[in-house]
Amino acid sequence: MGTALICILGDQLTHGRGALKDAIPGRDSIVMAEVTAEACYVKHNRHKIALIFSAMRHFCRELRSMGFSVHYFEYSSRGPATLLEAAEAALLLSPADEVRCCEPGEHRLREEIAAWNLPVPVHIIPDDRFLCSEEEFQAWADGRKQLRMEYFYREMRRKYRILLEENGKPAGGSWNFDAQNRRGWRARESVPARPTLVPDCITAEVIELVNREFPDHPGNLDLFYLATTSQEANVHFDWFLQHCLGLFGTYQDALAEESPWLFHSLVSMYLNIGLLDPLDVCLKVERAWQDGRCGIAAAEGFIRQILGWREYVRGIYWCAMPEYARRNTLNAKRPMPEWFWDGDTDMRCLEVALRQTLDLGYAHHIQRLMVIGNFALLAGLDVEQVCSWYLAVYVDAFEWVELPNTLGMALYADDGMMASKPYAASGKYIQRQGNHCKKCRYSPTRVAGDGACPFNALYWYFLSRHEHRLKDNPRMSMVLGNWSKKADSEKTEILVWAKQELERLAPEWTP
Ligand code: FAD
Ligand code: DLZ
Ligand code: SF4
């Protein structure tokens, strides 16, 4: 083997994996670069940029301590602006026989790197940090009419023998304990305070840089709360195992005034950039259940998210790209309102979810799906704008995971490839799941007229708009039946009100 220049991207920070798999210190050199092209292709939340830059700098330090020569370009107007420029500059400093890069997690960057024209060949190495390869997923998907996550997940449980009895039956007698995981939040439990991390000097320097260089990006870095090394991320996960896992399942679908994260793990960002290993995390949760530290519903609920959903959405993304990004089944084109960028709305559930999203780069699943996503779906907001907003605002957002969740699951824009029905809900659902409505100027029990929760009329308007498309879906028959049973006068009143509210909340035309 000749010498290689190994290009490590900001979300590929795992030792011994991907392009680092056969790397040898002294023979191969490494390039890492903080570049405008990656930092600005959407207005990434400052927490995300700070996490990635700081984690990259820490990872570089670890590689150097292992004996690797690393060409590290810190963010600067005089430095390379793209990853290609960084690779070119590094090749001049360390000539090599080949450039090696692990396949990027976004289609746009895969295309870009595949087109790199360098003096030596560029070899793309498969990303072995996932539990299901793209080929394996494709083989599972081939010939299936519907790609339901539940069946994929069972295969994954079998493959890794997780939560499985000796006889191959699921532990606890069921594959899925979701029905036990839907309790609403009534503030009866106290949410454990998360340990705070004091930024070290690398992180402090990065925070200053990000505040200076990205002034118009969202994110309040005074609240920076993220681990930036694998070791810290593991400490963080162990804290979750000890303090939150027990109630994770119970309150997985809850919405709370008191806490942005309730009993959620906050590990997606670490998994997505390579600081935590997905199998390791699942095995630790299985062990916690085996040791009696949590119930089966909590363990299964958590493992399903990682072994099931996370791998499944990645499979969908690579199966369906690049056409997937252009899908818009419901023809949703209404401009996204400006208040998505500052959280300035009097709908309390949305205000809470948006403000924490913008300030911290974090919202849990139900906030993303049933509050923000639900509003975007019901209002018919432009699919492309909504997807690029989600890609920008969350710390854990990379297109392979963000796009299927947003376009497919939340917006139902892929004609049911991801979701068996639209995740459309009225204000009653949000009221049941949490305590925001008590602090809201709207009433979740009223449908039309001043003070009525806008989700209610928008919900019926959504159903009536898309009745023709949804009428053959058995999972929609009950709600569509409820709509059709309403008197014509009531229907008219609701629809007139819905259109008026929609124009007020998300004007079709903005000057
Ligand atoms: P927990 O609730 O503690 O769950 C544990 C882990 O399971 C997560 O860390 C994550 O790795 C995995 N997981 C759970 N649900 C999903 C899912 N649907 N898809 C993939 N992984 C899942 N997740 C991202 O990592 N990046 C995104 O950009 C992203 N965008 C989303 C957009 C929308 C509209 C929706 C509905 C969901 C999105 N998700 C995304 C999935 C999920 O909301 C986040 O993974 C989760 O909220 C992260 O918080 P947590 O680590 O506390 O998760
Ligand atoms: C997201 C991101 C950001 C903000 N900055 C960088 C960077 O400066 N250098 C880098 O190598 N990677 C960065 N990334 C991550 C890449 O955008 C990521 O590799 C692609 O989105 C593919 O998942
Ligand atoms: Fe949200 Fe409606 Fe409840 Fe207000 S009343 S918090 S808008 S669900």
Side-chain angles (χ1 to χ4, degrees), residues 7-12 32-42 44 48-49 51-53 56 73 75 83 86 104-110 149 240 244 248 252 255 261-273 276 278 281 301-306 308-314 345-352 362-373 375-376 386-387 390-391 394-411 423 425-431 434-446 452-456:
C7 183
I8 303 292
L9 307 181
D11 56 351
Q12 298 178 343
M32 299 176 74
E34 301 166 5
V35 293
T36 316
E38 293 308 309
C40 294
Y41 65 91
V42 287
H44 297 290
K48 179 176 174 186
I49 306 179
L51 168 69
I52 288 180
F53 285 7
M56 283 172 73
F73 297 96
Y75 195 82
L83 292 167
E106 299 193 347
H107 187 270
R108 69 169 175 94
L109 196 56
R110 255 189 215 191
M149 198 291 292
F240 162 79
C244 296
F248 171 82
Q252 200 177 344
L255 291 161
W261 24 66
L262 280 171
F263 300 92
H264 289 272
S265 65
L266 272 75
V267 292
S268 48
M269 54 297 258
Y270 310 131
L271 289 165
N272 296 353
I273 68 171
L276 287 182
V281 158
F302 187 83
I303 288 170
R304 178 165 14 103
Q305 307 309 314
I306 292 179
W309 279 109
R310 186 169 184 271
E311 297 292 326
Y312 169 81
V313 297
R314 178 172 181 263
T345 168
D346 56 9
M347 296 168 75
R348 179 67 185 171
C349 53
L350 263 170
E351 183 195 13
V352 169
Y362 180 82
H364 61 71
H365 190 68
I366 292 301
Q367 290 177 306
R368 296 189 207 198
L369 183 65
M370 301 308 293
V371 179
I372 305 174
F375 181 83
V386 175
C387 291
Y390 271 92
L391 189 58
Y394 291 109
V395 175
D396 56 18
F398 297 91
E399 202 185 60
W400 64 265
V401 52
E402 175 276 327
L403 194 69
N405 270 302
T406 310
L407 185 147
M409 199 186 311
L411 302 180
Y423 281 95
S426 69
K428 279 196 197 125
Y429 171 88
I430 295 171
Q431 180 191 29
N435 55 359
H436 294 311
C437 299
K438 284 190 184 149
K439 287 220 168 165
C440 188
R441 90 163 188 83
Y442 299 106
S443 160
T445 55
R446 295 185 49 204
C453 168
F455 276 107
N456 292 338

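For ligands, and for the atoms within them, numbers begin at 1 and follow the listed sequence. Model, not experiment: these values are computed from the prediction.
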Non-hydrogen side-chain atoms of Tyr429 and Met370 separated by less than 4.5 Å: yes
Note, Gln305 side chain near His264 side chain (heavy atom, < 4.5 Å): no
Whether [X] lies under 4.0 Å from ligand 1, heavy atom:
X: Tyr312; value: no
X: Ala363; value: yes
X: Tyr390; value: yes
X: Phe302; value: yes
X: Tyr423; value: no

Backbone N/O of Gly427 and side chain of Asn456: donor-acceptor pair under 3.5 Å: yes
Numbered atoms and elements of ligand 3 in range of Cys440, under 4.0 angstrom, heavy atoms: 4 (Fe), 5 (S), 6 (S), 7 (S)
Numbering as shown, the atoms of ligand 3 that approach Ile430 to under 4.0 Å (heavy-atom distance): 8 (S)
Sub-3.5 Å N/O-N/O distance, Ile52 and ligand 2: no
Ligand 2 N/O within reach of Phe53 N/O, cut-off under 3.5 Å: no
What's the shortest distance from [atom] to any protein heavy atom, and which residue and atom give it?
atom: atom 8 (O) of ligand 2; result: Val35 N, 2.9 Å
atom: atom 21 (O) of ligand 2; result: Glu106 CD, 3.1 Å
atom: atom 9 (O) of ligand 1; result: Ser268 N, 3.0 Å
atom: atom 5 (N) of ligand 2; result: Glu38 CB, 3.6 Å
atom: atom 23 (O) of ligand 2; result: Asp11 OD2, 2.5 Å
atom: atom 29 (C) of ligand 1; result: Arg368 NH1, 3.3 Å
atom: atom 10 (C) of ligand 2; result: Gly10 N, 3.4 Å
atom: atom 9 (N) of ligand 2; result: Ala33 O, 2.7 Å

Salt bridge flag under 4.0 Å for residues Asp396 and Arg368: yes
Lys/Arg N to Asp/Glu carboxylate O, Arg314 vs Glu311, below 4.0 Å: no
Atoms of ligand 1, numbered as shown, that sit under 4.0 Å from any heavy atom of Leu266: 50 (P), 51 (O), 52 (O)
Atom 2 (Fe) of ligand 3 to nearest N/O/S of Cys437 less than 2.8 Å: no
Polar contact flag for His264 and ligand 1 (N/O pairs, less than 3.5 Å): yes
Contact (N/O only, under 3.5 Å) between Ser265 and ligand 1: yes
Spacing of CH2 belonging to Trp400 relative to CD belonging to Glu106, to within rounding of 0.5 Å: 10.5 Å
Value rounded to 0.5 Å, distance of CG in Leu271 from CZ in Arg310: 4.5 Å
Six-ring centre of Phe398, Lys48 cation under 6.0 angstrom, axis tolerance 45°: yes
For atom 4 (O) of ligand 1, the option (of Trp261, Phe248, Phe398) bearing the nearest heavy atom: Phe248
Cys349 and ligand 3 - part of the residue with a heavy-atom distance under 4.0 Å: both
Element-labelled atoms of ligand 2 that are located less than 4.0 Å from some non-hydrogen atom of Arg108: 17 (O), 20 (C), 21 (O)
